[in-house]
> 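Quick one: structure below, then a few questions.
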Amino acid sequence: MRYDLVIFDNDGVLVDSEPISNRLLAAYLTEIGHPTSYEDSIRDYMGSAMHRIHDLVQERTGQLLPAEFDDTFHRRVFAAFDQELEPVAGAVDVLAKLAADGVPYCVASSGSHERIRVGHRKTGLDRWFEDARIFSSQDVGKGKPAPDLFLHAARRMGVAPERCVVVEDSPLGVRAAVAAGMDVYGFTAMTPAAKLAGATQLFSDMGQLPDLLI
């Protein structure tokens, strides 16, 4: 292994949640007077912490989102997760191989701790992630593209940033990893390769990842 720690993004990398959450986000923003298509949501908000959604809407419209926005959105997302959510194809095999080979790994997500755990329980990924392997933007207060979350995860896992690799599927996440001084492998299953151009390497199938890490 060329790395001492593999840091996974969660949404779109481990759990196939991006189509669900962006569909619901676009619908909710439209419902409350901020017309947003699914494509708009993917472009503007994929990989974002919730505070960035608030910031962008206020910046563009001068309006604040309702106080109950986060709670309502998460309630809708969790209900949909319960019906629809699946792990990303190949993710379980990658985690099983890392565990079998004794390679340290963790997850660092813009999502809340609750969102990460709800998704992992639904998809069975919770067996691979005890609490010590789970990091959220809630832990640092400043989400991607800031490097804070990835640096926090590396510090807690006891690994120098230059010995880490991040697996990401969003432009914001790639920017955060680069800013943290880490290699980053861009997963292009949902994101056009051109939008992840800053990545160290690109790959389109999770089954390719173990060979890339050697």
Side-chain angles (χ1 to χ4, degrees), residues 1-22 42 46-47 77-78 80-136 144 149-150 153-154 156-159 161 163-174 176-177 180 182-193 195-196 198-214:
M1 276 287 298
R2 70 175 81 171
Y3 302 104
D4 295 332
L5 177 65
V6 182
I7 304 175
F8 290 95
D9 176 41
N10 189 57
D11 294 292
V13 170
L14 295 174
V15 295
D16 195 14
S17 54
E18 294 291 11
I20 300 170
S21 57
N22 282 284
I42 291 287
M46 183 171 157
V77 167
F78 295 162
F81 279 4
D82 190 54
Q83 297 297 315
E84 304 175 45
L85 190 63
E86 299 289 344
V88 167
V92 171
D93 292 337
V94 171
L95 295 171
K97 180 165 178 51
L98 293 177
D101 292 347
V103 178
Y105 64 89
C106 65
V107 61
S109 173
S110 294
S112 66
H113 277 281
E114 183 183 17
R115 177 179 171 132
I116 297 167
R117 285 166 170 80
V118 166
H120 285 191
R121 285 195 298 270
K122 173 61 172 66
T123 57
L125 294 184
D126 53 341
R127 66 172 292 198
W128 304 104
F129 289 97
E130 65 272 22
D131 287 350
R133 294 183 191 266
I134 298 177
F135 304 100
S136 161
K144 307 166 189 177
L149 174 58
F150 290 142
R156 290 288 300 272
M157 297 293 288
V159 178
R163 297 296 304 159
C164 299
V165 62
V166 176
V167 184
E168 263 288 354
D169 72 329
S170 76
L172 293 176
V174 169
M182 301 176 181
D183 281 358
V184 54
Y185 290 177
F187 183 44
T188 62
M190 270 195 66
T191 308
K195 293 191 175 183
L196 303 179
T200 310
Q201 293 197 58
L202 299 174
F203 69 106
S204 59
D205 186 315
M206 197 57 66
Q208 300 171 299
L209 183 60
D211 289 339
L212 296 176
L213 296 175
I214 297 173

> Please test Ser109 against Arg115 for side chain to side chain donor-acceptor pair (under 3.5 Å), starting from the C-alpha separation and ending with a verdict.
CA-CA 9 Å; Ser109 173; Arg115 177 179 171 132; over 6 Å; no
> Within the 3.5 Å criterion, strictly below it, is a donor on His113 or Asp131 matched to an acceptor on the partner's side chain?
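Result is no, nothing qualifies.
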> For Asp169 and Thr191, test the side chains for any donor-to-acceptor distance below 3.5 angstrom and give the result as yes or no.
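No.
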> May I ask you to check whether Phe129 and Tyr105 place their ring centres under 6.0 Å from each other?
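Centroid distance Tyr105-Phe129: below 6.0 Å, so yes.
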> Mind checking whether Leu209 and Phe8 have side chains closer than 4.5 Å, heavy atoms only?
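SC-SC contact between Leu209 and Phe8 confirmed.
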> Ignoring hydrogens, what is the shortest heavy-atom contact between Leu202 and Ala193? Give both atom names and the distance.
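Of all heavy-atom pairs spanning Leu202 and Ala193, the closest is CD1-CB, 3.7 Å.
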> So which atom in Gly12 and which in Ser17 form the shortest heavy-atom distance, rounded to 0.1 Å?
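That would be N-OG, 3.9 Å.
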> About how many Å separate CZ of Phe78 and CD of Glu114, when rounded to the nearest 0.5 Å?
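Taking CD in Glu114 and CZ in Phe78, the distance rounds to 4.0 Å.
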> Please test Phe150 against Glu168 for side chain to side chain contact (heavy atoms under 4.5 Å, CB included), starting from the C-alpha separation and ending with a verdict.
CA-CA 11 Å; Phe150 290 142; Glu168 263 288 354; 3.5 Å; yes
> Check step by step if side chain to side chain contact (heavy atoms under 4.5 Å, CB included) holds for Trp128 and Val92.
CA-CA 9 Å; Trp128 304 104; Val92 171; 4.2 Å; yes
> Search all heavy atoms of Ser136 against all heavy atoms of Ser112 and return the closest pair with its distance.
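So the two residues come closest at OG-CA, 3.6 Å.
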> Does a side-chain heavy-atom distance below 4.5 Å link Asp183 with Cys164?
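No, side chains not in contact.
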> Hey, could you give me the CZ/CG distance between Arg133 and Leu5, rounded to the nearest 0.5 Å?
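Reported to 0.5 Å precision, the distance equals 9.0 Å.
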> Identify the two heavy atoms, one from Leu212 and one from Arg2, that lie closest to each other, and give their separation to 0.1 Å.
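Closest approach of Leu212 to Arg2, heavy atoms only: O-NH2, 3.5 Å.
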> Looking at Ala80 and Ile20, what are the two nearest heavy atoms and their distance?
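Scanning both residues, the minimum pair turns out to be CB-CG2, 3.6 Å.
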> Are the side chain of Thr200 and the backbone of Val184 linked by a donor-acceptor contact shorter than 3.5 Å?
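At least one qualifying donor-acceptor pair exists.
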> Between Val88 and Leu14, does a side chain to side chain contact (heavy atoms under 4.5 Å, CB included) hold up when you go through it step by step?
CA-CA 5 Å; Val88 167; Leu14 295 174; 5.7 Å; no
> Distance check, rounded to the nearest 0.5 Å: Lys122 atom NZ versus Leu85 atom CG?
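Spacing of NZ (Lys122) from CG (Leu85) equals 6.0 Å.
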> Does the pair Lys144/Asp9 count as a salt bridge with the N-to-O cut at 4.0 Å?
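Result for this pair is yes, salt bridge flagged.
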> Taking Arg121 for its side chain and Ile116 for its backbone only, find out whether a donor-acceptor pair lies under 3.5 Å.
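Not at all, since once roles are kept as given, no pair shorter than 3.5 Å links the two residues.
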> For the CG atom of Asn10 and the CZ atom of Arg117, what is their distance to the nearest 0.5 Å?
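The distance works out to 10.5 Å.
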> Of all the heavy-atom pairs spanning Ala199 and Val174, show the shortest one and how long it is.
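For Ala199 and Val174, the tightest heavy-atom pair comes out as N-CG1, 3.7 Å.
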> Walk me through it: do Val13 and Val107 pass the test side chain to side chain contact (heavy atoms under 4.5 Å, CB included)?
CA-CA 10 Å; Val13 170; Val107 61; over 6 Å; no
> Donor-acceptor pair, distance only, cut-off 3.5 Å: does the side chain of Ser110 make one with the backbone of Gly47?
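Side chain of Ser110 to backbone of Gly47, a donor-acceptor pair under 3.5 Å: yes, one is there.
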> Report the distance from atom CG of Leu213 to atom CG of Asp101, rounding to the nearest 0.5 Å.
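With rounding to 0.5 Å, CG (Leu213) is 10.0 Å from CG (Asp101).
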> Calculate, to the nearest 0.5 Å, the distance between atoms CG and CE belonging to Asp16 and Met190 respectively.
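Result: 7.5 Å between the selected atoms.
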> Tell me, do Val94 and Pro210 make a side-chain contact under 4.5 Å, heavy atoms counted?
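In contact.
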